[in-house]
*Asks:* 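Can you keep this structure in mind? I'll have questions shortly.
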Amino acid sequence: MIKAIIVDDDKSCINTLEKLLSKYCPHVLILGTANTIAEAIDLIERKKPELIFLDVELNGEFGFDLLKHPSAIDLNVIFTTAHEKYALKAIKSSCLEYLLKPVDHNELKAAIAKFEGQMHLANNQKKIEVLLSNIVAPDNSFNKIIIPGHDSHIFLNTSEIICCEADMNYTNVFTEKGEKIVSTKNLKEFEETLDPKTFFRCHKSWLININFIKKFLKSDSQVLMSNDMLIDISVRKKDEFLNLFKKF
Amino acid sequence: MKHCLFLVSCFLFLVSNGQDKRTVDSLYTVSNGTNDTSKVNALNELSLLFCETDNQKALELAIRSCDVSKKIKDEKFLAFALNRLGSVYDYKNMPDSAYFFYNEALKRFEKLKNISGVAAVYQNIGVLYFIQEDFDQALNYYKKALELRIQTKEEKYISKLYNNIGVVLRRQKKYNEAIDYYEAALEMKLQRNDKLGVAASYQNLAMAYEYKNDVPKAEEYFNKAIALYTELNDYADLSSVYSGFADLKTYMKDYKKAGEYAELAIEYATKSELPDRMFSAYEISWTIDTLNNNYPVALRKLYAARAIRNKIFRNEKMKDVEKLKMIYETDKKDNEILLLNIENETKNRQRIYLVIIIVSVTLLFLTALFFYQRTRNANLLLSRQKKEIEDKTVQLQLQAEEIAKHRSQMNPHFIFNALNSLQGLILNNEPEISITHLNSLSKLMRQTLNNSESEWISLSSEIDYLNNYIDFELQRFDSKFDFIVKLDSEVDPENTGIAPMLIQPLIENCLKHAGLNSRENAKIKLEIKKTGNKLRISVEDNGFGRKSTNSDHQSRATGILNKRIAEVNKKLGTESSAGLKFVDLKDNQGNPVGTRCEFEIGIFELF
């Protein structure tokens, strides 16, 4: 049994989610609902839920702000959002769960299952920290990222990443410390999450951090990274790549 | 009968019958004036005048007098006014209220150390007790008043008080003491040579001695009084004295003399023309005639008395009428004053209205001027802004055109039809299917939005999108058809970019116009081949063919598509080909077995 609350400024959204939960995830018990952050804090303090369904945009309030409150700091959260692109990016960067409205019941079931599977992982607070740090970062320049692996999450500063390699639907992340982290996210998602001013998609299979480029090999159209990896620059991307350095 | 004589003399100082209309008018004028002190005086006087005729009016006036005194904060006037109020209540026969106000007046006079005032109030309180027949208290207050009047040496009041005390004592049957006071009064009147007063004292003394059974003394004083009144030609009082004398003679059983005096009383009463007097004279006279056994005369006098009584009654009626008349007059005056006030107020109001109108008009004018100025400025600004907007609009239009070149929106028809079928599902109470349907639609719309933001999307994204679209449509029509994608092995779907929403309209076309819904083994085949530096994209169905369906919408849709294909090819520097090409498929017998639509587009490599 999961004790949960729903925070949403739209009462019909609350109603729909409640109905969906009772139909598809009947073991999720809704202890109460709130329309504002203040109401939500009150509800959390009184009912002590394990999980919050939190709308990102609460009628002028920012749903994330709830997570800054001491009572909510180590609560598990599943965001619900309609079309907030920027917020979605930040959520993705922190590996927190989210549901798009209208909520697909299959995705809902998956999210609940995932929550149940990860309840033992006490890294929620860290995720929220990443989220809150990224949400205030100016356009896409996220400083932190959480990389979802098969059985764990790895917290990284984006400045530690040297490059990312596509590996079928997975991604290999190479770090400054010489690690190779296998992420379950595909390269496209990394490209969307990481700051495009720093990370450059030089190839179908490669995303590189331009701060770690040691050398550009003109003849072979390759770059040498600081960890001595040689990475191809595709023909079509060559001009764009060179333009990046024109300003230097 | 005897009592009334004394009472008259005893209240004389309080009662004023001179309700002369002119006096009332002048007092009214003063009482409505602006001088507050004279106003209070006038009000007090008026109140006194009205005591007998219109008690209510007297009360109102006394109260007004109090108010004005309070307004001007003059304690002395207030004390007088309160004293007046007390006597008004006295007349109204409300002794408790009278006593209260007398006391209030007394307190103030005492505080002001106004001895005359205190004495006047004591005197009034004495009268109040006298009327209530509390003779001890009456005596007490009269004596107090007397003490103060002696202190201030107001002889006029002293003699009156002696007289009053005498009356009280006589009522208490203390005849000797009464005589003492009457004599004291007499002495003072003699000193002042107040002949009328002296005569009245003689009369009082005569009565007192009569009560005392001292007949010689009584006779002596009656004679003295007669002599003095005769000297003064005071017929009324002469009549009264003779009546008293006749009474005395009757008491002495000297009926003959009594009869004579009674005749004289009648004679003088007739001369005085006072009906009251005449009546009492006749009354005494016919009683004495009866005692003289002179019945015919007695009867005649009885009739006369009755006639006079009737006359008195009539006179009283007349008096009442007079009173009413006066009340009417004063009310009229009041109303006139009220009207005048109203008129003044109206004039004032008119003046205020005039001022308001002038101010309003001025304000209106200023406001209008302000707005005119502002509008003029605003117009100048507007025309400048308008030009800027026009310039911007031109720019924006150019930009919009640019954007529209690259992007295609989902057909609104499609969205609303989808919503419509959702509505049907909900109405049919099929929540499971509705939800699935809704999820597909939302996914599709999200994908459309995302894709339309990019100039290029990967072929794999486009195919994914098309699959979702087909899924959605399959759910919607609850039909079965196969969607076959044949991708040339040379084409890398991840690295090949395509402008979004180029293929979807063709598939929608097939679904709409090929009549696939009612067909067994219906299928749509998408084929993507690489030919040189171009992609050949073809969409083929096995429906009824183009001819049998409406082609109007189709041509418009294809028009837009042709335009976009041309633009993309131009941008990529690809040799522009013919654009969309429709091929009607036929079987061996020449029957339509479907349509194929194909176009060629330049290859854009993403990486």
Side-chain angles (χ1 to χ4, degrees), chain A residues 12-13 15-17 19-25 80-86 88-89 92 98-110 164-169 171 186-189 191-192 196 200-208 221 231-241, chain B residues 410 415 418-419 422-423 425-426 429-465 468 471-472 475 490-498 500 533 571-574 602-607:
Chain A
S12 70
C13 286
N15 188 31
T16 309
L17 188 54
K19 291 259 163 66
L20 283 171
L21 282 166
S22 77
K23 197 173 168 76
Y24 299 103
C25 311
T80 57
T81 175
H83 191 61
E84 289 83 12
K85 277 198 105 176
Y86 178 64
L88 210 53
K89 243 180 205 178
K92 282 179 181 172
Y98 65 93
L99 292 166
L100 293 169
K101 292 186 209 171
V103 175
D104 183 321
H105 55 276
N106 293 315
E107 286 172 15
L108 178 63
K109 278 199 259 185
C164 305
E165 183 194 16
D167 184 1
M168 300 297 283
N169 278 327
T171 305
N186 65 30
L187 189 62
K188 194 164 194 250
E189 286 173 275
E191 189 190 357
E192 279 169 0
F200 179 66
R201 180 85 180 257
C202 60
H203 189 267
K204 184 174 81 169
S205 306
W206 289 99
L207 181 69
I208 56 168
S221 188
I231 294 166
D232 290 336
I233 306 283
S234 68
V235 188
R236 193 161 290 280
K237 290 286 181 176
K238 200 170 158 186
D239 291 343
E240 202 182 326
F241 176 76
Chain B
M410 201 180 242
I415 294 169
L419 289 172
L422 253 179
Q423 195 181 33
L425 284 170
I426 292 164
N429 224 347
E430 294 183 86
E432 297 277 349
I433 306 171
S434 324
I435 285 174
T436 315
H437 206 63
L438 185 76
N439 290 338
S440 306
L441 177 64
S442 75
K443 205 175 279 172
L444 204 58
M445 284 178 75
R446 209 180 288 281
Q447 241 173 338
T448 312
L449 275 170
N450 287 340
N451 288 350
S452 65
E453 276 171 18
S454 324
E455 197 176 352
W456 305 102
I457 61 165
S458 68
L459 204 51
S460 64
S461 294
E462 180 70 7
I463 291 165
D464 187 38
Y465 172 71
N468 281 334
D471 277 352
F472 178 76
Q475 282 168 20
E490 282 177 61
V491 180
D492 177 358
E494 295 298 330
N495 200 19
T496 309
I498 187 171
N533 61 343
K571 186 161 190 179
L572 291 174
T574 317
I603 291 174
F604 177 79
E605 284 187 355
L606 289 171
F607 306 105

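What you see is a predicted model, and the numbers here were worked out from it, not measured in a lab. Here is the naming used below: chain letters follow the sequence lines, and residue numbers restart at 1 for every chain. No hydrogens, no waters, no symmetry mates; every other heavy atom, side chains included, goes into these values.
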*Asks:* Highest number of heavy-atom pairs under 4.5 Å with chain B: which of Arg201(A), Glu240(A), His203(A)?
*Replies:*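 With the most close heavy-atom pairs to chain B, the winner is Arg201(A).
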
*Asks:* Considering all heavy atoms of both residues, which atom of Pro102(A) and which atom of Leu438(B) are nearest to each other, and what is their separation?
*Replies:*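 Residues Pro102(A) and Leu438(B), closest heavy atoms: CB-CD2, 4.1 Å.
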
*Asks:* Name the option with the most non-hydrogen atom pairs under 4.5 Å to chain B; the candidates are Leu100(A), Val235(A), Asn106(A).
*Replies:*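 If we count pairs closer than 4.5 Å to chain B, Leu100(A) comes out on top.
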
*Asks:* Which atom pair, heavy atoms only, marks the closest approach of Phe607(B) to Lys237(A)?
*Replies:* CD2-CE, 3.8 Å

*Asks:* Rounded to the nearest 0.5 Å, how far does CD1 of Ile435(B) lie from NZ of Lys23(A)?
*Replies:*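 If I round to the nearest 0.5 Å, the distance is 6.5 Å.
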
*Asks:* Nearest 0.5 Å, please: how far is OG in Ser461(B) from NZ in Lys188(A)?
*Replies:* 5.0 Å

*Asks:* For chain A, which candidate among Lys443(B), Glu605(B), Glu494(B) shows the most heavy-atom pairs at distances under 4.5 Å?
*Replies:* Glu605(B)

*Asks:* Does any heavy atom of chain B fall under 4.5 Å from the side chain of Ala82(A), the backbone, both, or neither of them?
*Replies:*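 For Ala82(A), backbone heavy atoms alone lie under 4.5 Å from chain B.
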
